[in-house]
2 protein chains.
Amino acid sequence: MPARIEDVAATAGVSMKTVSRVFNNEPNVREKTRARVEAAAKALNYRPNPSARGLAGNRSYLVSLVFDDPAAGSSYIMEIIVGMLVACEQSRYSAMLRPLEYASADHIGAVEDSIARYRPDGLVLVPPFADDVKLLRRLDELGVRYATISAKAKIGHERVGTILDERKASAEMIAHAVALGHRRIGHVAGPLPHGGRAWRLAGYRDGLRRAGLPYDEALVVDGGFSFEAGIAGARHLLDLDEPPTAIFAANDDSACGVMHEAFERGLAIPRDLSVFGFDDTPTSRHVWPGLTTVRQPCRDMGRIAAEQLLALIRDPTAGELVHVPYELQIRQSSGPAPSRPRPRPRSRTR
Amino acid sequence: MPARIEDVAATAGVSMKTVSRVFNNEPNVREKTRARVEAAAKALNYRPNPSARGLAGNRSYLVSLVFDDPAAGSSYIMEIIVGMLVACEQSRYSAMLRPLEYASADHIGAVEDSIARYRPDGLVLVPPFADDVKLLRRLDELGVRYATISAKAKIGHERVGTILDERKASAEMIAHAVALGHRRIGHVAGPLPHGGRAWRLAGYRDGLRRAGLPYDEALVVDGGFSFEAGIAGARHLLDLDEPPTAIFAANDDSACGVMHEAFERGLAIPRDLSVFGFDDTPTSRHVWPGLTTVRQPCRDMGRIAAEQLLALIRDPTAGELVHVPYELQIRQSSGPAPSRPRPRPRSRTR
DNA sequence: TTGTAGGCGTTATCAC
DNA sequence: GTGATAACGCCTACAA
């Protein structure tokens, strides 16, 4: 029922190929012809049939975002995909979501399977997939194009995508804490297989070192990116004989867990404890007090990664790794270090 | 490079059509033949080419989720789409996201445009699109199939999808407040064009009526679904000569705004003010105290809506509107009404 | 600068 | 139950 390229050609009085040229921005079309074709297309409300285009061109005009399923629901992923959609729109591509279980026995097989099924022209990978050397190597073998969104190019496999220097951002966050007078700063680290963990932890250590503060292993607790991990981490740290006056959590969800546990103990934030997060999720603005955290420009990252990927798809030598800026969001969860030892925990205030 | 249906046919010693029949679960294939085909397909790692399938079958095997762009980032949308993906996976469909601006001059045109461009076999609509009579009528005219996710079938246009009785849920929430002794209950209503507003407001009124409490217009403030709207709404309500002892916000984001404003004024929750939300976003668990709210099974809703839509696509007489259950999540933001008048606001406690 | 022929990999039609 | 053949709508290659 919809108009076909043939109809447009007939209306414009040109061949199908000319219409095709116009729609694909190919050269060798006289301006006047181009205008005539465009008018005809508009009159007929012509849109190229994506399936036909894909079949004939041996492409799917599809890029997929590969991420860890448990992260579904996070605003991070949503922002990335919306950014990707922006980039895709302009290139007549579409974007699809592939939540896969990174922890599963054969996550690389799952990625391959997804590729075989949907035949995307390329992938956008976020951590932990973006940090997985084996996966990247396999994709290279298969000749599958991909863009990575990550904290650092680790292995030279990453060719295009975005990089946000999480290590530097974390160090800056620690510097902020130090400037507020904090000397004992705890860290609830990210989950083990996740790239974010290493860089944020490294930045934490950098920050301490630069401030001339010792690195105390007792102040670092293995955590995770979840609210519950934050609670557990805070319990551990606040139960220490000499608890920290500030806690840097590896992401906002776990930072919220830290705040939660502090409140449960009757601690006031930031009077008794300062808390820092990472990601700047909507939640970080919505909690009280507002959470001091690191903003990542997720939507831009998604857009840029897709743009670079599309460039790479067009031309295998094109595209680059783009550094994107982070931004400290100083809110009310961070304040001066208590001058005196913290008061004994009061009973719950509810 | 990947195996084609022809290769599978040759390997299995049957015709292409027979392979096609096997892959599409069509009848008239002997069990033994089917097994042979499946073995051949497995050996060759054959996957049907989606573009070719779409072109030949005059379908796209694609459903798209239409939602209001500003809602991007909300976990609500993310959960819906993940649910849709589950349903799609099984039917060899894929799902795509279409964030559109509902407030734009011609949002119906935008939907039509999106359909023309991507040719989905069907749409899943969430509010406010799902509540838009004009849009639904237009889609019917165009013969476009759709499923709605909404609070109530309003107009008979909705044929398949999910319904969650937000009115009843809201009334129940008010009943909960009343049971805690609250008599003056404020409401920060949702945004005007949004279906959610009307049903949640109606439920609020139902709840009051059933408790024998008067409906006081002064206690209802036009709000929105944003954190900022919650702040503004709370300011208004808490500035009243006789402020409410409980506030029911139309969603969790605005409820967080209410909590924020209460804290800014030095009020303790729930001692001085009880707060209720709607949606059960991750944030509602992460704030302190935890927000009492209404859980919607978003992932199920997405899955069911997609399932019903796919059924409708297969058979125009199939599919139905499925009622899905809500669930009150009683957390710590709701507590007994203060027996005495609220103490005068203290200075900020930070 | 423009046009023609053939094929992409599947499904639909209809015959056997 | 099974198979041959013609679409499906576009793009690539080559020709003019």
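Worth knowing before you read on, the calculation uses all heavy atoms, side chains too, and leaves out hydrogens, waters and symmetry mates. By convention in this document, chain letters (A, B, ...) are assigned in the order of the sequence lines, proteins followed by strands, and residues within each chain are numbered from 1.
Of the residues in residues 8-28 of chain B, B:M16, B:K17, B:S20, B:N24 come within less than 4.0 Å of DNA chain C through at least one heavy atom, sorted by number.
Note: OH (B:Y61) to C1' (C:dG9) measures 13 Å, nearest angstrom. As a whole-Å value, the separation of A:I5 CD1 from C:dG7 P is 19 Å. Rounding to whole angstrom units, CZ of residue B:R53 and C1' of C:dC8 are separated by 16 Å. Per the geometry, CZ belonging to A:R47 stands 22 Å off P belonging to D:dC8, to the nearest Å. Across the protein-nucleic acid pair, B:L55 atom CG and C:dT11 atom P stand 11 Å apart, rounded to whole Å. B:K32 has its NZ atom 11 Å from the P atom of D:dT2, to the nearest Å. Summarising the geometry, the separation between CD on A:E31 and P on C:dT1 is reported as 11 Å, rounded to the nearest angstrom. Between the CZ atom of B:R92 and the C1' atom of C:dT11 there is a distance of 12 Å, rounded to whole Å.
Distances shorter than 4.0 Å separate some side-chain N or O of B:T33 from OP1 or OP2 on D:dT2. Residue A:R59 places at least one side-chain N or O under 4.0 Å from the OP1 or OP2 atom of D:dT12. Within the 4.0 Å cut-off from OP1 or OP2 of C:dT10, at least one side-chain nitrogen or oxygen of B:Y46 is found. Taking 4.0 angstrom as the limit, A:R4 places none of its side-chain polar atoms (N or O) nearer than this to OP1 or OP2 of D:dC8.
Ring pair A:F67/A:Y76: centre-to-centre distance not below 6.0 Å.
Considering CD of A:E158 and CD1 of A:I149, their distance stands at 12.5 Å, rounded to 0.5 Å.
Side chain of B:A52, nearest nucleotide from D:dG1, C:dT10, D:dC10: C:dT10.
In this structure, B:E89 pairs ionically with A:R98, as a charged nitrogen and a carboxylate oxygen lie closer than 4.0 Å. One finds no salt bridge joining B:K152 and B:D131 here, because no Lys/Arg side-chain nitrogen approaches an Asp/Glu carboxylate oxygen to under 4.0 Å.
With 3.5 Å as the limit, one finds a donor-acceptor pair spanning the side chains of B:Y146 and B:D140.
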What side-chain donor-acceptor pairs closer than 3.5 Å can you find for residues 35-42 of chain B, not counting sequence neighbours?
| residue | atom | partner | partner atom | Å |
| --- | --- | --- | --- | --- |
| B:R36 | NE | B:A12 | O | 2.9 |
| B:R36 | NH2 | B:A12 | O | 3.4 |

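Within a 6.0 Å radius of CG in B:N58, other residues, nucleotides and ligands contribute 12 heavy atoms or fewer.
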